[in-house]
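One structure is given here, and the rest of the page talks about it.
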Amino acid sequence: MMDRYKIPRTKELEFGGPLGAMILIFLMPATVFYLLLTCRTEQASVLNFPPPLPPLSTLWSPHTFLLLLAWVGLQAALYMLPMGKVTEGIVLRDKSRLQYRINAFQAMGVTALVVGAGLAAGLRLSYIYDHFLQLAFSALLLAFGLSFLLYFKSLFAPETTLAPGGNSGNPIYDFFMGHELNPRIGSFDLKYFCELRPGLLGWALVNMAMLVKETELRGSPSLAMLLVNAFQLLYVVDALWNEEAILTTMDIVHDGFGFMLTFGDLAWVPFIYSLQAYFLVNHPQKLSLPMAAGILLLNGVGYCIFRSANSQKNTFRRNPNDPRVTGLKTIPTATGRRLLVSGWWGFVRHPNYLGDLIMALAWSLPCGLTHVLPYFYVFYFTVLLIHREARDEHQCLRKYGLAWQEYCQRVPYRIFPYLY
Ligand code: NDP
């Protein structure tokens, strides 16, 4: 009976199959250390030969590792607290639905109180800046350790609970993509927990630590640092406020929980997304008020597009008869679901990615135009979203067939109007 719900072997491999996965398992951590080490140099130039990796004995610090574990432990404890509502995820292959606790926003509030109390008691937040490489190394070890445990656990998981995209039978590929879709310990959902809390809140905390360090060095935070902190904090708060929306994203619905997501959530987000703030500590930038106002406007435009496009689709998917979306034109599909073809989703096929990319540019501009390094996020994110868009289109074409083709005809541009 359960056999019909078994996840079939993954036939179409992504990221270049096992070889590509193997390369990425090394390339992703190497990129983190390359960027952090280059950012610490005086010139911070991507044209220079990469600085040598410090010896492992200086990267490994039991103290920072324990600190990282304490941070993740705090977030795990807050996730388990019976505050916030419980909601259901999408219907799974075996027709069941998992329950998720929605309390990331409250967890952020409690975290802010804990950090505030720590600061009042004399906690030096600039410790994070001073031990940044060690912390990144600890996060890398944690991501590897967790990925191995997850893969091991998945070998004993029922076949109905595996990830459609991470069941190739090749251990390297499945380790990277994630073999199990929603690994849980009791009701503790490991992927859902890691997606938003330790990494995203960690990113905001790292940014704040950079601001504190800059203040220690120069007496007051710079306008550039304040903008970077404010923009990125808005993004984090927005993600936590809209936590429920993550339940319909590709990461939760389609991708298994393997190295790609553990490393992304625990190491890449907090240590790479904070690169602009890290850069500004060592490379102060003068920002004129008109320039700051222009950047503020750009971020506002990006945020409005990002938020209203995401909200429009989420509202429509939750209740197509909601008065806020009933005026929009739609295309029926064979699945019974409809596709929006006016409003933001009639402008380009991924308006939310467009808004996200405009914000990415606004986060880097406060770092001036003299260095390429702080623009890494813009380049990387453009590649990531173009690739993600292609993956999503592929899945939508499979799901909706002719209706998706009609949508593509009526809305010809994917992300950038008249360009792409
Ligand atoms: P999206 O929110 O873009 O969702 C894609 C899905 O939306 C499709 O699979 C389809 O699913 C549905 N859809 C597509 N077109 C239409 C339409 N015309 N009408 C109705 N439904 C449609 O996916 P993501 O998870 O990639 O992105 C979510 C947000 O997260 C984005 O804003 C993105 O920028 C952001 N993001 C940020 C990252 C970061 O590191 N900062 C990383 C990745 C994403 P279905 O039909 O099944 O509902």
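Counting starts at 1 for both ligands and their atoms, following the listed order. Hydrogens, waters and symmetry mates are skipped; everything else that's a heavy atom, side chains included, is used.
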Does any donor atom in the side chain of Gln75 or Thr111 lie under 3.5 Å from an acceptor atom in the other side chain?
yes
Among side-chain atoms of Asn352 and Asn310, is any donor-acceptor pair under 3.5 angstrom?
yes
Enumerate the residue pairs fulfilling salt bridge (Lys or Arg N to Asp or Glu O under 4.0 Å) with a member in residues 362-376, sequence neighbours excluded, ordered by first and then second residue.
none
Can you name the side chain to side chain donor-acceptor pair (under 3.5 Å) partners of Asp251, sequence neighbours left out?
Arg388
If you look at each N/O of ligand 1, which protein N/O atoms lie under 3.5 Å away, and at what distance?
unit_1   : atom_1 : unit_2 : atom_2 : d
ligand 1 : 2 (O)  : Lys313 : NZ     : 3.1
ligand 1 : 2 (O)  : Asn352 : ND2    : 3.2
ligand 1 : 3 (O)  : His350 : NE2    : 3.2
ligand 1 : 3 (O)  : Asn352 : ND2    : 2.8
ligand 1 : 4 (O)  : Lys313 : NZ     : 3.3
ligand 1 : 7 (O)  : Lys313 : NZ     : 3.4
ligand 1 : 9 (O)  : Asp392 : OD1    : 2.6
ligand 1 : 9 (O)  : Asp392 : OD2    : 3.4
ligand 1 : 18 (N) : Leu340 : O      : 2.9
ligand 1 : 18 (N) : Tyr407 : OH     : 3.1
ligand 1 : 19 (N) : Leu340 : N      : 2.9
ligand 1 : 21 (N) : Arg317 : NH2    : 3.2
ligand 1 : 25 (O) : Arg388 : NH2    : 3.0
ligand 1 : 26 (O) : Tyr353 : OH     : 2.4
ligand 1 : 26 (O) : Arg388 : NE     : 2.6
ligand 1 : 26 (O) : Arg388 : NH2    : 3.2
ligand 1 : 32 (O) : Asn310 : ND2    : 2.9
ligand 1 : 34 (O) : Asp356 : OD2    : 2.5
ligand 1 : 40 (O) : Tyr273 : OH     : 2.6
ligand 1 : 41 (N) : Tyr235 : OH     : 2.9
ligand 1 : 46 (O) : Arg317 : NE     : 3.4
ligand 1 : 46 (O) : Arg317 : NH2    : 2.8
ligand 1 : 46 (O) : Tyr400 : OH     : 2.3
ligand 1 : 47 (O) : Arg337 : NH1    : 2.7
ligand 1 : 47 (O) : Lys399 : NZ     : 2.7
ligand 1 : 47 (O) : Tyr400 : OH     : 3.4
ligand 1 : 48 (O) : Arg317 : NE     : 2.6
ligand 1 : 48 (O) : Arg337 : NH1    : 3.1

Partner residues of Tyr413 under the ring pair (Phe, Tyr, Trp, His ring centres under 6.0 Å) criterion, sequence neighbours left out:
Tyr418
Under the criterion side chain to side chain donor-acceptor pair (under 3.5 Å), I'd like the reasoning laid out for Glu243 against Tyr192: C-alpha separation, chi angles, the key distance, then a yes or no.
CA-CA 10 Å; Glu243 184 183 14; Tyr192 174 68; 2.8 Å; yes
